Peer 1: 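Can you read through this structure? Questions will come right after.
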Protein chains: 2
Amino acid sequence: MHALDDGISRWRRVADAIRADIASGVIAQQLPPEVELAERHGVNRHTVRRAIAALSTEGLLRAERGRGTFVNAQPPRVIYPIGERVRFRENMMKQSIEPSGRLIGAERVAADARQAALLNISVGAPLHRLERLAVVDGMPMSRSTSLFSVERFPDIISAYAETGSITQALQKSGVSDYRRRETRITAERVSPHDAELLQCAADAIVLISNAVDVDMEDKPVQSVRTRFLADRFELSFKPDVD
Amino acid sequence: MHALDDGISRWRRVADAIRADIASGVIAQQLPPEVELAERHGVNRHTVRRAIAALSTEGLLRAERGRGTFVNAQPPRVIYPIGERVRFRENMMKQSIEPSGRLIGAERVAADARQAALLNISVGAPLHRLERLAVVDGMPMSRSTSLFSVERFPDIISAYAETGSITQALQKSGVSDYRRRETRITAERVSPHDAELLQCAADAIVLISNAVDVDMEDKPVQSVRTRFLADRFELSFKPDVD
DNA sequence: ATTAGTTGTCTACACAAATAGACAAATAGG
DNA sequence: CCTATTTGTCTATTTGTGTAGACAACTAAT
């Protein structure tokens, strides 16, 4: 007897509720006993057990027979500033995080109407599409798709492959500095392909940032779409701090 | 025999995939026939039918016997600017949208450590908690929880109830103007309670904005946590535009 | 040693989800 | 009118989910 037939199993919703309770601090170190959780969520004890099993394989919980079920210490969410100056490496190192970008693909595509408008080029013009994966401590954190005009930046791919940094690759291509013009943020369920790349659950949530970088003459440099895993990131916007 | 046992039913995943294909433009006006969709997603035709049924009651699709299944025109995502000046009413009216805020609850609570730090008051100090629902054309768009110091703003609740605007309520309380100090954004699955208030699917995704507003002397005025439905909103950050 | 409280495992049953096949009903094009 | 294509409906079967109860295994405290 389901309240809402939304195609999500009962144990999964219990698991999500427990995860939310942990995130919000309602549950701290130790979970209530299974029978109590079952009552609280209005399900059978076995359903709770399945939820706990899922969260255990996720690494969030640890059950000990006779003692109880405990919450494993979790790494804090990485705070990612969005502002004019977006430099992935700099931002991470301020939080004592040693990042590494990984090139996972590059190809040439033709600009569609939307991309052409963003980059201020003509429809059908050739673009470099650069796929990157940001990794921290061996854990994938985000995936980015960058678009560059082939005409303006013919060698951007090899420059990035050499330096491992967009900032440095752009400097090699004659762009001494750049800034972010606009960032648009939304959220979706992760796509199956991204779930594999980011090594996350198939139903994880990603924050999606669509942005355009411009050089000091306000000419578009790159259009970049980044998917951040929502449970590993928090985007921060501070007006006053540069 | 499921590929990944993540507690999400097969028809739901097909429905999500179709929704994503429509959002990304892979599917434009008309859906492929059910048998073809079944093949493509590796499921039975009846499973596809169930997915289509769900998307139809959602209003996204419209099936016509003998002809095919078609995509209904969708309202574009509302673009919500995040910056120093955040005025819900102003922002909406620039997009020719007539908004209305609805007071759905108010109570007094004691500040916990995090809230106290944000608002620069002592732990345990009394707070007004103001729950609002933003509605556009009868459709719920977002839910906000605002926190105000009772000591500094004793009558903020009644002032909001009268004016229906935070900006005006603050003016009545002696704050002529204010600005946003910091906004932090993440995303989560909607909570059951919010799903009811926002009239959305139980597994919808919400963008969560945690922000602090300060007056012209940089003294904290309110701490506000807003949940935007991710499929109805896009948050936009432009550094240069005020 | 005993007891209360907890997690782990087992069997059984009712019901929903997914698959499979067949055919009806409507549409569009020759 | 006839045919191919498409959505709608029906029955049947298999697999998965959730419930129910009982008991074992382990822990901590008395």
Side-chain angles (χ1 to χ4, degrees), chain A residues 1-18 21-22 27-72 192 201-203, chain B residues 1-18 21-22 27-72 192 201-203:
Chain A
M1 192 244 285
H2 282 199
L4 281 170
D5 197 359
D6 56 4
I8 296 180
S9 60
R10 217 129 173 62
W11 66 263
R12 170 98 245 178
R13 280 198 279 193
V14 172
D16 289 340
I18 292 174
D21 279 347
I22 291 171
I27 294 176
Q29 294 181 334
Q30 181 168 5
L31 254 65
E34 292 169 350
V35 280
E36 193 185 320
L37 283 172
E39 271 185 22
R40 186 191 298 183
H41 294 98
V43 298
N44 190 274
R45 181 182 156 225
H46 293 90
T47 308
V48 168
R49 281 184 60 72
R50 190 159 185 186
I52 290 175
L55 295 173
S56 298
T57 57
E58 236 177 69
L60 181 61
L61 297 179
R62 158 182 42 91
E64 296 181 22
R65 178 192 287 214
R67 297 195 61 212
T69 304
F70 301 86
V71 180
N72 286 321
D203 64 329
Chain B
M1 192 245 285
H2 283 198
L4 281 171
D5 196 357
D6 55 4
I8 297 179
S9 61
R10 227 146 166 60
W11 66 262
R12 171 96 243 181
R13 280 198 278 192
V14 172
D16 288 341
I18 292 173
D21 279 348
I22 291 171
I27 293 175
Q29 295 180 334
Q30 183 168 5
L31 253 66
E34 291 169 351
V35 280
E36 193 186 320
L37 283 172
E39 272 185 22
R40 187 191 296 183
H41 294 98
V43 298
N44 190 276
R45 183 184 155 223
H46 293 89
T47 308
V48 169
R49 282 183 60 71
R50 188 158 185 188
I52 290 175
L55 295 173
S56 298
T57 57
E58 234 176 71
L60 181 60
L61 298 179
R62 157 184 41 91
E64 297 182 21
R65 180 191 285 214
R67 297 193 62 210
T69 305
F70 301 86
V71 180
N72 286 322
D203 65 329

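Remember, predicted model here, so these are calculated numbers, not experimental data. Note: hydrogens, waters and symmetry copies are ignored here, and every other heavy atom, side chains too, is used.
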Peer 1: Among residues 53-70 of chain A, which residues get a heavy atom nearer than 4.0 Å to DNA chain D?
Peer 2: R65(A), G66(A), R67(A)
Peer 1: Mind checking side chain to side chain contact (heavy atoms under 4.5 Å, CB included) for R65(A) and listing every partner two or more places apart, or none if nothing turns up?
Peer 2: none
Peer 1: Using modelled atom types only, decide if a donor and an acceptor are shared between the side chain of S56(A) and the backbone of I52(A) within a distance under 3.5 Å.
Peer 2: yes
Peer 1: OP1 or OP2 of dT17(D) sitting under 4.0 Å from any side-chain N/O of R50(A)?
Peer 2: yes
Peer 1: Between C1' on dC15(C) and CZ on R10(A), what's the gap in Å once rounded to a whole number?
Peer 2: 13 Å
Peer 1: Run the side chain to side chain contact (heavy atoms under 4.5 Å, CB included) check on L55(A) and T69(A) step by step: do they pass?
Peer 2: CA-CA 11 Å; L55(A) 295 173; T69(A) 304; over 6 Å; no
Peer 1: Residues in side chain to side chain contact (heavy atoms under 4.5 Å, CB included) with P32(A), at least two apart?
Peer 2: I27(A), E36(A), L37(A), R40(A)
Peer 1: Could you check whether atom CD of E39(B) has more than 12 heavy atoms from other residues, nucleotides or ligands sitting under 6.0 Å from it?
Peer 2: no
Peer 1: Among all residues two or more places apart in sequence or in another chain, which pass the side-chain hydrogen bond (donor to acceptor under 3.5 Å, both in side chains) test with N44(A)?
Peer 2: H46(A)
Peer 1: Rounded to the Å, how far apart are W11(A) CH2 and dT19(D) P?
Peer 2: 14 Å
Peer 1: Check every atom of dT19(D), dA17(C), dT7(D) against the side chain of R49(B) and return the nucleotide holding the closest atom.
Peer 2: dT7(D)
Peer 1: Note down the inter-axis angle between the two ends of the helix from dA1(C)-dT30(D) to dG30(C)-dC1(D), five pairs each, to the nearest 10°.
Peer 2: 30°
Peer 1: Thinking salt bridges, do D6(A) and R13(A) make one under a 4.0 Å N-O criterion?
Peer 2: yes
Peer 1: Go through residues 37-47 of chain B and report each residue with a non-hydrogen atom lying under 4.0 Å from DNA chain D, sorted by number.
Peer 2: R45(B), H46(B)
